[in-house]
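If you read the sequence from its start, that first residue is 1, and numbering goes on from there.
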Amino acid sequence: MPGTMRHVISICGDCEGDGAALAAAVAARDPGAEVRVVPCMNLCSRPVTVAARAEGKAAYLFGGVTPDEAEAVATFARMYAQAPDGVIADARPLGRLRLCLIGRIPA
């Protein structure tokens, strides 16, 4: 996609098996994202944990994401790729995913 930079979506692979399912579904929906299944992200009270980051951009951390939200995660990934500083100003297109946000870390 022109004007975008590579972004990484990390999904906890230790979250009750749902992490791997979510990662596969997101990767299928957003081939521009580098989707990684990673070891425990230490947010076990809110599985599945999802993080997004790219060089020079704010990073995001979500918890309590279900495999049913793969389309919302892929939508977030596309919005994130388009945001020059990584900041998503209007999260309403993300539905319930926006309520899973734990924090945004400045670049």
Side-chain angles (χ1 to χ4, degrees):
M1 188 178 290
T4 63
M5 66 172 39
R6 191 97 172 130
H7 52 286
V8 176
I9 305 296
S10 297
I11 300 177
C12 180
D14 291 342
C15 287
E16 304 167 2
D18 287 341
L22 178 61
V26 171
R29 287 171 170 83
D30 184 10
E34 180 180 336
V35 179
R36 296 180 183 169
V37 177
V38 298
C40 182
M41 293 171 66
N42 292 324
L43 195 58
C44 302
S45 64
R46 292 185 63 188
V48 168
T49 304
V50 176
R53 63 186 172 85
E55 185 175 340
K57 290 188 173 194
Y60 284 79
L61 181 65
F62 298 91
V65 182
T66 69
D68 292 339
E69 290 164 313
E71 185 59 43
V73 174
T75 298
F76 166 79
R78 289 187 293 272
M79 292 170 68
Y80 183 70
Q82 292 291 323
D85 58 0
V87 175
I88 307 299
D90 183 3
R92 288 177 292 178
L94 304 177
R96 188 185 97 65
L97 181 65
R98 73 186 190 283
L99 304 176
C100 298
L101 180 64
I102 293 167
R104 181 178 66 211
I105 303 161

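- Residues Val35 and Leu97 fall within the same hydrophobic cluster, defined by Ile, Leu, Val, Met, Phe, Trp and Tyr side chains chained together at heavy-atom separations under 4.5 Å.
- Side-chain contact between Asp68 and Arg96 is absent, with no heavy atoms from C-beta onward closer than 4.5 Å.
- No continuous path of hydrophobic side-chain contacts links Leu61 to Leu101 [ILVMFWY only; heavy atoms under 4.5 Å].
- Taking every heavy atom of both residues into account, Val87 and Ala58 meet most closely at CG2-CB, 4.4 Å.
- Clustering ILVMFWY residues whenever any of their side-chain heavy atoms sit less than 4.5 angstrom apart, transitively, puts Val8 in a cluster other than the one holding Val50.
- The pair Arg78-Glu71 meets the salt-bridge criterion, with a side-chain N (NZ, NE, NH1 or NH2) lying under 4.0 Å from an Asp/Glu carboxylate O.
- Judged by distance alone, the side chain of Arg29 and the main-chain N or O of Val26 form no donor-acceptor pair under 3.5 Å.
- The main-chain N or O of Thr66 is found under 3.5 Å from a side-chain atom of Glu69 such that the two form a donor-acceptor pair.
- Phe62 pairs by the ring-ring contact (aromatic ring centres under 6.0 Å, His included) definition with Phe76, not counting sequence neighbours.
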Original post:
Between Ile11 and Val48, does a side chain to side chain contact (heavy atoms under 4.5 Å, CB included) hold up when you go through it step by step?
Top reply: CA-CA 7 Å; Ile11 300 177; Val48 168; 3.7 Å; yes

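- Across Ile102 and Gly63, no two heavy atoms sit closer than the pair CD1-N, 3.5 Å.
- Val65 and Leu94 fall within the same hydrophobic cluster, where Ile, Leu, Val, Met, Phe, Trp and Tyr residues are linked whenever their side-chain heavy atoms come under 4.5 Å apart, directly or through other members.
- Listed for the Tyr60 side chain is a donor-acceptor partner under 3.5 Å among the backbone atoms of Ile88.
- In the displayed structure, Arg46 atom CZ is contacted under 6.0 Å by more than 12 heavy atoms of other residues, nucleotides or ligands.
- His7 NE2 to Arg53 CZ: the interatomic distance, rounded to the nearest 0.5 Å, is 12.0 Å.
- In terms of modelled atom types and a separation under 3.5 Å, the side chain of Lys57 and the main chain of Ala83 share a donor-acceptor contact.
- Contact detail for Cys40 and Cys12: the closest heavy-atom pair is CA-SG, 3.8 Å.
- A chain of hydrophobic side-chain contacts below 4.5 Å, direct or via other Ile, Leu, Val, Met, Phe, Trp or Tyr residues, connects Leu43 to Val38.
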